[in-house]
Amino acid sequence: MNKWVGIGRLTRDPELNFAAGTGTAVAKAPLSLLPSLKKAETDFINCIAFNKRAEAIAQYLTKGRQLAVTGSIRTGSYDAKDGTKRYT
């Protein structure tokens with residue numbers, strides 16, 4: 001099972017785009033996770049929402065707002081134009 005729950009603050013305003021062909025709303029919002037008592041490091045998670053939820057996030061949330069997120073973690077990689085491997 002791949003379920004993740006986190007609470008943090010947006011590090012910038014959400015970016016709303018629409019997928020080519022389907023017109024599906026896609027919001028990207030980077031989240032800074034609140035550090036736990038045992039860990040002083042801050043983690044940054046790139047969150048993506050779709051459809052009506054994406055539109056609501058883009059309309060009502062701004063940089064610095066606190067947000068609770070539930071979802072799944074997905075990783076990937078690609079080769080950048082400069083030939084380096086990038087991870088997402």
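Quick caveat: nothing in here was measured; it's all calculated off a predicted structure.
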Donor-acceptor pairs under 3.5 Å, side chain of residues 75-88 to any protein atom, not counting sequence neighbours: which ones?
unit_1: D82; atom_1: OD1; unit_2: T84; atom_2: N; d: 3.2
unit_1: D82; atom_1: OD1; unit_2: T84; atom_2: OG1; d: 2.8
unit_1: T84; atom_1: OG1; unit_2: R86; atom_2: NE; d: 3.4
unit_1: T88; atom_1: OG1; unit_2: G76; atom_2: O; d: 3.4

Compile the donor-acceptor pairs under 3.5 Å between side chains in residues 14-31 and protein atoms, sequence neighbours left out, one pair per line.
unit_1: E15; atom_1: OE2; unit_2: N17; atom_2: ND2; d: 3.1
unit_1: T22; atom_1: OG1; unit_2: T24; atom_2: N; d: 3.4
unit_1: T22; atom_1: OG1; unit_2: T24; atom_2: OG1; d: 3.1

Which donor-acceptor pairs under 3.5 Å do the side chains of residues 53-68 make with protein atoms, sequence neighbours left out?
none

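There is a path of hydrophobic side-chain contacts, each under 4.5 Å, that joins W4 to L10. In the hydrophobic clustering of ILVMFWY residues, with side-chain heavy atoms under 4.5 Å counting as a link, L33 and V69 come out together.
Taking OG1 of T11 as the start and CD1 of I45 as the end, the distance is 11.0 Å to the nearest 0.5 Å.
T70 pairs by the side-chain hydrogen bond (donor to acceptor under 3.5 Å, both in side chains) definition with nothing, not counting sequence neighbours.
Other members of the cluster containing F44 do not exist, because no ILVMFWY side chain is joined to it at under 4.5 Å.
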